Each structure stands twice: as structure tokens, then as C-alpha cells.
Amino acid sequence: MTTTPQTLFGPAARMPTFFGTTVGKKLVMALTGAVLFVFVVFHLLGNLLIFWGPDELNRYAEVLKALGGYIWIARLTLLAALMLHVFCAVQLTITGWRARPVSYSVRRDMETNYAARTMIISGPLIFLYAIYHLLMFTFLATGPGYSRTDVYGNVVAAFRVPAISAVYVVAMLVLGVHLYHGVWSMLHTAGISNPGYKSVRRIVAPVVAMVIAAGYIAIPVAVLCRIVR
């Protein structure tokens with residue numbers, strides 16, 4: 001009996017990879033989401049140094065610059081996580097649309113909510129704002145005249161412009177909505193899906209989202225109110 005490559009590898013070749021399954025994509029989304037979440041938290045902690053004055057924030061910026069190539073490794077890691085996160089989100093959304101081409105006549109949302117249904121919209125909006133934010137504060141390509149050494153002065157100069165602050169606040173509100181469902185999903189994927197833990201997810205997810213969004217929003221509000229000068 002002659003064994004051909006097709007008989008040897010055919011069944012295996014047709015087996016979907018773990019990444020190609022819905023469960024695999026959800027796990028990848030949870031892992032990449034966790035990486036991005038950690039960045040959002042540490043970025044917030046760094047930004048909040050503005051309340052300790054220009055010396056503290058500028059020193060923090062200098063520490064990041066001193067990392068040299070390591071900071072680019074971190075940026076590339078975040079970019080890879082973001083691309084995987086977006087790819088899996090789009091794939092899962094398309095799969096959901098194909099599985100349910102006709103909307104329910106009566107929608108009964110159990111573990112889903114407004115935040116979950118708008119993830120496909122809030123995600124791209126956050127991505128677009130992140131590009132704008134990087135152009136303004138990292139590459140100094142937009143906004144008022146910026147200094148390459150005075151990060152504190154750059155932040156204050158930017159948020160003194162009401163339009164810039166308004167866009168930032170809206171973006172952080174969108175981030176909060178996105179994080180609300182993101183944290184809920186991460187906890188669910190991590191195994192905290194038992195009905196007994198549902199109340200925990202209902203508390204943790206919105207509290208985390210609100211604290212992070214409020215922390216970011218406090219910065220432009222403080223600048224506009226002249227608390228930070």
C-alpha cells in the first residue's frame with residue numbers, strides 16, 4: 001500500500017489551528033487586551049505625575065528616553081499586540097454577522113450591553129485618537145509650538161486649547177466604554193465565568209473603567225481650571 005503525502009497530511013492540514021478557532025481568537029484578544037490594558041494603566045500613572053509639578057513629569061520623560069532601544073522594543077510589542085487585537089476583533093465580528101445575518105426581532109442582552117455592541121466602533125475611534133495623540137506629544141508634529149525637553153509645558157500648552165481638551169475628554173470616555181466590556185471579557189476568558197462570580201465582574205469592570213477614564217480626564221480639566229499651570 002502506497003502512502004501519499006495527501007493521505008498523510010490531508011486530515012491534519014484540514015484541522016483548524018487553535019488560532020483559527022473562535023475560542024483561540026477570544027484567547028488571543030484577551031491576552032493582547034491584557035498587554036494593552038497594562039500599558040494604559042502605567043501610561044496613566046506616568047501622566048498623573050503632572051500633579052507633582054514639572055520636575056517630576058519631565059524626569060519621568062527623561063527616564064523613558066534613557067531606555068533607548070528598549071522603549072522601541074516596548075512600542076513594537078504594543079503595536080503587535082494592537083494589530084493582533086484588532087485582527088481577532090474584526091474576525092470575530094464578521095463570524096458573528098455571518099452566523100446571525102438577520103437581527104433578532106426581540107433583543108435580550110444577558111452578558112452583553114451597549115459597550116459590547118459598540119466595541120467594533122469604539123476600538124477604531126481609540127486607534128485613530130492614539131495616532132493623533134502620538135503625533136502631538138511623541139513626534140511633536142501637531143498642536144501648539146512644543147519643546148523637545150519640557151514635556152510638562154507641552155501638556156499644559158496643549159490642554160489650554162479647549163478644542164484639544166474636548167477631543168481628549170471624548171476619547172477617554174470612549175476608552176472607558178471600551179475598557180468596561182474589555183475588562184468584563186478578560187475576566188470571563190480568564191475563567192471567572194461562573195454565575196457566582198457574575199456580581200464580581202459587574203463591580204470590577206465598571207469601577208476599573210471609570211477610574212482609568214476619570215484619571216485621564218482629570219489632567220485636561222485641571223489645566224483648564226488652572227489647577228495645573
Side-chain angles (χ1 to χ4, degrees), residues 28-86 88-89 115 119 122-123 125-140 146 148-156 158-159 164-165 167-187 189-190 192 204-223 228:
V28 170
M29 276 200 73
L31 292 174
T32 54
V35 171
L36 296 170
F37 176 77
V38 169
F39 165 74
V40 166
V41 171
F42 276 94
H43 188 59
L44 171 61
L45 294 176
N47 287 354
L48 289 176
L49 289 174
I50 195 171
F51 290 104
W52 275 260
D55 291 341
E56 291 298 324
L57 185 61
N58 288 337
R59 188 177 297 115
Y60 165 70
E62 287 300 321
V63 169
L64 292 182
K65 287 180 182 178
L67 293 176
Y70 292 107
I71 196 69
W72 280 103
I73 293 174
R75 285 171 176 170
L76 291 174
T77 300
L78 286 170
L79 180 61
L82 177 62
M83 292 176 67
L84 279 172
H85 195 76
V86 171
C88 290
M119 288 288 276
S122 61
L125 288 176
I126 294 168
F127 177 71
L128 290 174
Y129 180 77
I131 294 174
Y132 168 73
H133 191 73
L134 286 171
L135 288 173
M136 179 176 294
F137 291 114
T138 301
F139 300 106
L140 308 179
Y146 288 148
R148 294 194 173 274
T149 57
D150 186 8
V151 175
Y152 180 95
N154 292 344
V155 174
V156 173
F159 289 141
I164 293 177
S165 288
V167 171
Y168 184 88
V169 169
V170 171
M172 293 308 102
L173 289 173
V174 173
L175 175 65
V177 172
H178 195 85
L179 284 175
Y180 171 39
H181 182 68
V183 172
W184 177 285
S185 297
M186 279 195 296
L187 293 174
T189 304
I192 308 178
V204 172
V207 168
V208 169
M210 285 189 293
V211 167
I212 291 176
Y216 277 109
I217 291 171
I219 298 171
V221 170
V223 172
V228 171

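If you're wondering where the values come from, they're calculated on a predicted model, not measured in any experiment.
In this structure A205 satisfies the side-chain contact (heavy atoms from CB on, under 4.5 Å) test together with Y180, V183, W184, sequence neighbours excluded. By the side chain to side chain donor-acceptor pair (under 3.5 Å) test, T32 pairs with H85, sequence neighbours left out. Qualifying side-chain contact (heavy atoms from CB on, under 4.5 Å) partners for V211, counting only residues two or more places apart in sequence or in other chains: V207. Residues passing the side chain to side chain donor-acceptor pair (under 3.5 Å) test with T149, sequence neighbours excluded: S147. Among residues two or more places apart in sequence or in another chain, the salt bridge (Lys or Arg N to Asp or Glu O under 4.0 Å) test is passed with R59 by E56. Listed by chain and residue number, V174, L175, H178 satisfy the side-chain contact (heavy atoms from CB on, under 4.5 Å) test with I126 (two or more places apart in sequence, or in another chain). By the side-chain contact (heavy atoms from CB on, under 4.5 Å) test, L128 pairs with no residue at all, sequence neighbours left out.
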Distance-only donor-acceptor hits, side chain of residues 37-50, under 3.5 Å, sequence neighbours excluded:
from, atom 1, to, atom 2, distance (Å)
H43, NE2, N47, ND2, 3.3

For residues 69-80, dump all side-chain donor-acceptor pairs below 3.5 Å to protein atoms at least two apart in sequence or in another chain.
from, atom 1, to, atom 2, distance (Å)
T77, OG1, I73, O, 2.8

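When the shell of 6.0 Å around CZ of F127 is examined, it contains 12 or fewer heavy atoms from other residues, nucleotides or ligands.
Under the 4.5 Å side-chain criterion, counting only non-hydrogen atoms from C-beta, I164 is in contact with M136. Side-chain atoms of I217 and V221, non-hydrogen and from C-beta on, do get closer than 4.5 Å to each other. Side-chain contact between V228 and Y152: present, with at least one pair of heavy atoms (C-beta onward) separated by less than 4.5 Å.
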(request) Assess whether side-chain contact (heavy atoms from CB on, under 4.5 Å) is satisfied between V169 and Y216, documenting all intermediate values. (result) CA-CA 8 Å; V169 169; Y216 277 109; over 6 Å; no
(request) Apply side-chain contact (heavy atoms from CB on, under 4.5 Å) to the pair L57 and Y60, showing each step before the final yes or no. (result) CA-CA 5 Å; L57 185 61; Y60 165 70; 4.2 Å; yes
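Note that CE of M172 is 11.0 Å distant from CD1 of I212, once rounded to the nearest 0.5 Å. Going from atom CG of L140 over to atom CZ of F137 covers 9.5 Å, rounded to the nearest 0.5 Å. Here the CG-CE distance, from L179 to M210, works out to 12.0 Å after rounding to the nearest 0.5 Å.
Put simply, the side chain of N58 gets close to the backbone of V151: a donor and an acceptor are under 3.5 Å apart.
Between Y168 and Y129, the two ring planes are perpendicular [angle over 60°; tilted spans 30° to 60°].
A pairwise comparison of heavy atoms in G176 and A209 identifies O-CB, 3.3 Å as the closest pair.
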